[in-house]
4 protein chains.
Amino acid sequence: MKPARSFASDNNAGIHPQVLRAIAAANRGHTVGYGDDPYTESAIRNFKKHFGRDADVYIVFNGTAANCLGLKAITRSYEAVICAEAAHIYSDECGAPEAFTGCKLIPIKAPDGKLTVDSAATAYHGIGDQHHVQPRVISITQSTEMGTVYKPHEVRALASFAHEREMFLHMDGARLSNAAAALGLNLRQATRDLGVDVLSFGGTKNGLMAAEAVLFFERARVADFLYLRKQGMQLASKMRFISAQLDTLLSNDLWLKSAQHANRMARLLERELASIPRVKIVHKVEANGVFAKIPRAAIAKIMKRYFFYVWDEEESVVRWMCSFDTTESDVKEFAKFVARSV
Amino acid sequence: MKPARSFASDNNAGIHPQVLRAIAAANRGHTVGYGDDPYTESAIRNFKKHFGRDADVYIVFNGTAANCLGLKAITRSYEAVICAEAAHIYSDECGAPEAFTGCKLIPIKAPDGKLTVDSAATAYHGIGDQHHVQPRVISITQSTEMGTVYKPHEVRALASFAHEREMFLHMDGARLSNAAAALGLNLRQATRDLGVDVLSFGGTKNGLMAAEAVLFFERARVADFLYLRKQGMQLASKMRFISAQLDTLLSNDLWLKSAQHANRMARLLERELASIPRVKIVHKVEANGVFAKIPRAAIAKIMKRYFFYVWDEEESVVRWMCSFDTTESDVKEFAKFVARSV
Amino acid sequence: MKPARSFASDNNAGIHPQVLRAIAAANRGHTVGYGDDPYTESAIRNFKKHFGRDADVYIVFNGTAANCLGLKAITRSYEAVICAEAAHIYSDECGAPEAFTGCKLIPIKAPDGKLTVDSAATAYHGIGDQHHVQPRVISITQSTEMGTVYKPHEVRALASFAHEREMFLHMDGARLSNAAAALGLNLRQATRDLGVDVLSFGGTKNGLMAAEAVLFFERARVADFLYLRKQGMQLASKMRFISAQLDTLLSNDLWLKSAQHANRMARLLERELASIPRVKIVHKVEANGVFAKIPRAAIAKIMKRYFFYVWDEEESVVRWMCSFDTTESDVKEFAKFVARSV
Amino acid sequence: MKPARSFASDNNAGIHPQVLRAIAAANRGHTVGYGDDPYTESAIRNFKKHFGRDADVYIVFNGTAANCLGLKAITRSYEAVICAEAAHIYSDECGAPEAFTGCKLIPIKAPDGKLTVDSAATAYHGIGDQHHVQPRVISITQSTEMGTVYKPHEVRALASFAHEREMFLHMDGARLSNAAAALGLNLRQATRDLGVDVLSFGGTKNGLMAAEAVLFFERARVADFLYLRKQGMQLASKMRFISAQLDTLLSNDLWLKSAQHANRMARLLERELASIPRVKIVHKVEANGVFAKIPRAAIAKIMKRYFFYVWDEEESVVRWMCSFDTTESDVKEFAKFVARSV
């Protein structure tokens with residue numbers, strides 16, 4: 001029998017029970033549609049509590065949309081977005097950012113998933129030259145697609161680099177909670193206070209059903225996002241049910257507890273794997289993901305019981321993710337199974 | 001105190017209890033993301049039961065997306081979509097169809113919201129002329145934005161007109177259930193069997209939380225919709241929870257019962273209003289909406305207690321919608337309040 | 001034998017001899033490409049002489065591009081452009097404006113091709129409503145596609161209407177010279193001084209080979225048009241040859257003399273046709289075009305010798321255009337042939 | 001005094017005298033606009049003589065447009081184009097291909113400007129995965145941006161690789177003539193016969209004023225390019241003057257003679273530079289460009305007299321191009337001046 005929980009992705013997990021209860025609680029009578037309801041109001045108030053009163057918050061369905069709409073809001077079609085080659089926006093959104101914004105995305109090699117000022121700088125050229133796209137945004141993912149976490153000073157350095165050049169710093173925070181938990185920072189400290197201008201705030205991978213948000217801080221505030229969201233096909237009519245999810249996540253530290261737990265499980269998994277001879281952890285385990293190089297033959301064996309993604313076919317590197325509902329015994333059983341399989 | 005339920009819109013209603021239970025039931029352990037899960041499989045099987053085995057079904061978050069993605073799948077950017085001036089795609093989607101497909105939408109005057117072969121034909125010209133967009137789709141809304149319902153022979157005539165000219169017939173079925181219920185047809189009879197090629201199947205306005213689908217029949221089948229959906233920012237990672245909603249709606253006639261009920265409430269409202277001297281019903285009440293011309297001064301008075309939309313400021317026409325959860329006493333109380341206010 | 005010159009379109013004419021000489025004169029040695037050459041400098045200086053020092057001028061290949069790039073420069077994709085139904089941008093550019101800008105074009109009935117404040121106002125609604133495109137530009141064609149000419153006070157009224165609502169007034173000036181000549185105004189008086197914010201300045205229809213320009217005045221000045229032009233595929237590498245054409249047109253009143261002549265020929269044609277019983281002029285002949293209702297059977301007969309366009313198949317209305325090189329005897333012969341044919 | 005001719009770019013040269021004469025010769029009376037004229041007919045006949053009767057030929061204004069429109073014709077927005085990092089479409093068109101097609105361009109490191117099957121293959125992955133763009137086109141530039149030339153077997157190998165995977169091979173032939181001349185092949189042998197499916201045929205860099213064409217062969221033939229061209233703002237109204245240029249280029253081996261000459265001048269320049277100690281040629285001189293590493297201080301000195309482009313600031317590599325009108329004494333004087341300056 002397949003185990004109830006896999007290590008394939010934090011989005012293979014379901015809805016946190018508190019969140020499901022909040023959806024049910026919001027299912028009372030009629031409310032005005034499209035965001036003009038008390039649940040959305042409350043969620044936005046909650047966001048502002050975390051990120052500052054003057055943060056602009058917009059709720060959308062999913063992460064690809066949060067990224068694309070956020071980027072479109074701050075660019076014109078001849079501008080460019082500098083990002084890591086492994087960035088979700090570059091590699092896993094089927095070209096949505098290019099198609100939706102018209103912008104070029106400039107991929108930077110980044111083995112651990114992290115841009116640096118030096119590597120980003122290689123893409124900053126052709127400024128003022130009409131033949132070249134004009135870099136306008138640096139986009140980083142926190143925590144990264146490789147399960148690593150930018151240090152505060154690294155984010156700050158990228159923000160400074162960007163701001164000195166009239167660029168914005170965008171953060172794809174699909175797993176922001178895991179990063180903030182790992183860094184021991186609150187949400188504002190992990191984003192805005194480090195110079196992030198536009199944030200894709202992730203909820204789905206941290207126990208929500210389907211709910212994300214786009215936040216704009218000082219520099220990047222835009223007046224017309226409501227239109228971009230509607231035109232971007234991301235305006236929920238029964239928005240209360242999306243908002244209630246986010247409101248719950250941001251209440252009573254649920255975001256933090258869930259993220260801390262997932263991170264802890266990943267570190268536990270790392271420890272359990274450490275003793276297995278032919279398994280080699282290839283990226284620092286700093287958030288809720290574990291990347292391991294394992295014998296090619298073992299992949300199929302493990303897959304028979306646990307579905308997961310091969311990250312790099314050639315290098316035989318696999319990705320295992322923990323989520324809010326991963327249990328210690330899940331981890332131990334899995335590690336045992338891996339041990340047996342390699 | 002404000003009443004629990006308004007007549008503002010069927011999307012001001014919440015989630016049908018059975019649907020909410022289905023979401024909760026799907027919240028069990030991990031499943032693969034992005035649609036490769038048993039809930040989605042079941043929903044698609046259910047769709048095929050209703051629409052035919054060879055129907056292609058794709059699940060998306062909302063109606064604007066269903067329309068835009070469906071249209072993009074069957075057009076090139078220099079083609080055009082013929083639709084009624086009041087069509088949702090033309091008037092209420094913030095230009096999403098134009099921006100997403102590149103196509104021109106050609107608006108046709110249609111006082112009751114219904115295109116006819118004659119009126120659609122006025123937009124069919126410039127064929128083969130490189131200076132002109134090439135009409136490729138006729139798009140109709142069923143039931144219409146005015147609460148009217150196309151008769152089967154009317155849809156069939158538009159389909160024939162379209163097919164004879166190598167055009168497709170697209171149906172915005174945000175309220176298809178209400179139309180099918182009104183016509184006494186099953187879902188297939190009300191769409192595909194009348195010549196509809198691409199269908200936006202609406203769930204949200206009929207008691208779902210947020211779930212719609214795009215269906216392609218024979219002529220319009222496309223091989224690449226998965227990419228268009230992902231690039232269109234409409235691929236849900238935890239799709240099981242969207243699918244479970246649709247699966248429930250399509251089971252045990254829930255779609256039909258809910259739609260029949262809403263339609264019945266609209267007819268009841270029509271009857272109740274009939275006796276009020278200064279209220280004039282302006283469109284046939286054929287589905288779940290009632291459009292009435294009322295004294296301008298009454299609007300504000302009624303609004304104090306019941307939120308709703310003024311449809312035509314100039315003509316002082318308002319729109320009142322019934323939904324799956326509207327009760328007889330809701331209708332009667334509301335009608336009484338209207339009577340007192342005019 | 002076919003006559004050397006037809007009345008089909010002013011773009012069926014060739015290159016004015018002075019312009020051709022200017023192209024030849026510019027063909028001397030090497031110059032830097034992409035606009036950084038003395039011919040372009042001179043052309044732009046000349047434009048500024050006509051339109052004011054602080055006008056921003058950008059040279060492009062053709063009129064569709066001038067319109068689309070000009071509109072894109074001042075809009076975001078969720079905004080809308082109000083224009084006459086017969087506007088070139090709406091009816092004759094194969095949807096290029098929609099596809100390139102993402103914006104909706106809102107067509108207004110205008111039998112004589114002219115928008116009015118009242119008719120434009122019907123499209124100004126839904127302001128601030130996230131479901132609706134936001135009108136941002138009023139676009140007028142001067143002289144119009146029907147050969148009529150806006151009076152100065154009519155343009156001014158539209159400009160005021162637009163500016164009071166934070167909209168821009170765009171003028172498609174493919175035949176601006178003909179209009180200015182007709183009005184007895186210089187180029188600045190006929191545009192900027194009336195409140196035009198963005199101008200597509202037409203050269204091709206007034207004796208150039210292929211050369212147009214986009215001009216921005218005060219309110220509408222944009223910083224990034226160089227990128228939009230390049231991304232819009234309209235940056236000529238050997239720009240000197242495009243610039244030399246425009247420079248010549250703007251020198252020694254060539255624009256004016258050519259336009260006056262074409263207008264005069266149209267009035268002559270009008271007079272000659274006046275005496276033909278079954279030919280009815282349907283629009284005021286105010287610039288260089290004559291629109292006439294003629295017996296359907298005559299169309300084919302005349303076409304045998306003279307190619308031209310049927311403007312309205314149903315109404316049997318045809319369009320005859322005069323150009324810089326139309327001669328009096330061309331007109332008289334043609335009128336005679338028409339007389340014989342009807 | 002500045003010399004009449006620089007080595008900055010082949011598009012800094014003017015119009016070949018025969019071409020200018022052809023423009024003048026086409027300036028006779030009226031012809032129908034938009035391509036339905038005898039000059040265009042003749043040009044297309046001429047193209048077919050060179051490329052085969054069943055080649056589809058469309059004339060456009062410039063090279064960026066030829067590339068973008070050609071690519072759009074054979075792609076859907078979720079597809080991708082594999083190209084060298086230095087490809088004009090990737091680096092010098094201000095993001096026009098992405099914005100116009102919606103597609104991602106995948107850049108491949110290629111120090112000499114040439115893709116190989118091995119390097120292209122690294123971008124061929126994620127096939128059938130809805131999260132990934134789908135590679136659909138391999139685009140190569142012939143001769144390359146580095147002045148190198150693909151060998152026939154190299155093009156053939158890329159074509160086979162592409163065709164085996166249902167991809168197209170696109171050739172940016174802005175300098176196709178130089179490549180064909182270098183290879184001793186005729187135009188068809190250098191393109192179609194090697195498996196090229198879509199060709200941007202360059203004229204401007206080989207002595208035309210502004211004229212390019214898009215050609216489609218067997219596999220890639222599309223039915224709707226007329227609309228794409230018009231919507232792409234590339235339909236010339238007085239097309240005869242664009243066509244006459246191309247017609248002349250393709251007559252009496254003008255394309256070949258001009259290209260052979262430019263190539264010869266580049267080889268002469270290479271030889272002259274060879275004897276200068278501190279100048280190092282960095283790419284094979286196979287067409288009409290010479291890339292040299294020179295002392296940084298010399299750049300400014302030479303620039304005082306001759307304008308040109310620094311290709312790689314960091315490496316101090318400059319680009320010198322020869323054109324149809326470069327003379328032997330131009331080359332020798334220039335080489336002498338370089339020698340003095342380094």
Side-chain angles (χ1 to χ4, degrees), chain C residues 2-9 11-15 17 20 23-24 26-34 37 60-69 92-96 98-100 204-205 208-210 226-242 307 323 325, chain D residues 2-9 11-15 17 20 23-24 26-34 37 60-69 92-96 98-100 204-205 208-210 226-242 307 323 325:
Chain C
K2 290 256 177 186
R5 283 173 297 279
S6 79
F7 291 81
S9 175
N11 67 29
N12 282 210
I15 310 173
L20 190 54
I23 292 175
N27 195 26
R28 205 171 293 161
H30 283 208
T31 62
V32 175
Y34 303 112
D37 66 83
V60 296
F61 290 114
N62 66 354
T64 295
N67 287 332
C68 292
L69 272 65
D92 288 291
E93 299 184 348
C94 202
E98 285 97 338
F100 189 65
T204 313
K205 289 190 162 89
L208 304 193
M209 174 181 154
L226 290 180
Y227 306 108
L228 290 176
R229 180 174 62 181
K230 176 67 191 179
Q231 197 181 50
M233 306 175 289
Q234 288 287 325
L235 179 61
S237 58
K238 298 183 175 174
M239 200 188 286
R240 56 171 146 164
F241 300 111
I242 319 292
F307 175 70
S323 48
D325 63 349
Chain D
K2 289 255 177 185
R5 282 171 298 279
S6 80
F7 291 81
S9 175
N11 66 29
N12 282 210
I15 310 173
L20 190 54
I23 292 176
N27 195 26
R28 204 170 295 162
H30 284 207
T31 61
V32 176
Y34 304 112
D37 64 85
V60 297
F61 290 115
N62 67 355
T64 295
N67 287 333
C68 292
L69 272 65
D92 288 290
E93 298 185 349
C94 203
E98 285 97 335
F100 189 66
T204 313
K205 289 191 163 91
L208 303 195
M209 173 182 154
L226 290 180
Y227 306 107
L228 290 175
R229 180 173 63 178
K230 176 67 190 179
Q231 196 181 51
M233 307 176 290
Q234 288 287 324
L235 177 61
S237 58
K238 297 184 176 174
M239 200 188 288
R240 57 170 143 165
F241 300 112
I242 319 293
F307 175 71
S323 46
D325 62 350

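This structure is a prediction, so every number in the text was calculated from the model and none was measured.
Closest heavy-atom contact between Gln231(C) and Gly95(D): NE2-O, 3.4 Å. Between Thr204(C) and Ser237(D), the shortest heavy-atom contact is CG2-OG, 3.5 Å. Between Gly33(C) and Asn12(D), the shortest heavy-atom contact is N-ND2, 3.4 Å.
Interface remark: Asn11(D) contributes backbone and side-chain atoms alike to the contact with chain C (heavy atom separation under 4.5 Å). Both the backbone and the side chain of Ile15(D) have a heavy atom closer than 4.5 Å to some heavy atom of chain C. Using a 4.5 Å cut-off between heavy atoms, Asp92(D) touches chain C through its backbone atoms (N, CA, C, O) alone. With a 4.5 Å cut-off on non-hydrogen atoms, Leu235(D) touches chain C through its backbone but not through its side chain. With a threshold of 4.5 angstrom between heavy atoms, Arg240(D) approaches chain C through side-chain atoms but not through N, CA, C or O. Residue Gln234(D) touches chain C through both its backbone and its side chain, counting heavy-atom pairs closer than 4.5 Å.
Counting heavy-atom pairs closer than 4.5 Å to chain D, the top-ranked of the candidates Phe241(C), Phe100(C), Tyr34(C) is Phe241(C). Per-residue counts of heavy-atom pairs under 4.5 Å with chain C were compared for Gly14(D), Gly232(D), Pro17(D), Ala65(D); the largest is that of Gly14(D). In terms of heavy-atom pairs under 4.5 angstrom with chain C, the leader among Val32(D), Ile23(D), Val60(D) is Val32(D). Comparing Asn67(C), Leu20(C), Thr31(C) by heavy-atom pairs within less than 4.5 Å of chain D, the highest count is held by Thr31(C).
Leu208(C) is not listed as a side-chain neighbour of Lys238(D), based on a closest heavy-atom distance of 4.5 Å or more. Side-chain contact check for Met233(C) versus Leu69(D): some heavy-atom pair is nearer than 4.5 Å. Counting heavy atoms from C-beta on, the side chains of His30(D) and Asp325(C) come closer than 4.5 Å.
Residues that satisfy the side-chain contact (heavy atoms from CB on, under 4.5 Å) test with Ala210(D), not counting sequence neighbours, are Phe61(C). Evaluation of the ring pair (Phe, Tyr, Trp, His ring centres under 6.0 Å) rule for Tyr227(C) yields Tyr78(A) as partners, not counting sequence neighbours.
Side-chain N/O atoms of Lys230(C) and Thr64(D) include a donor and acceptor closer than 3.5 Å.
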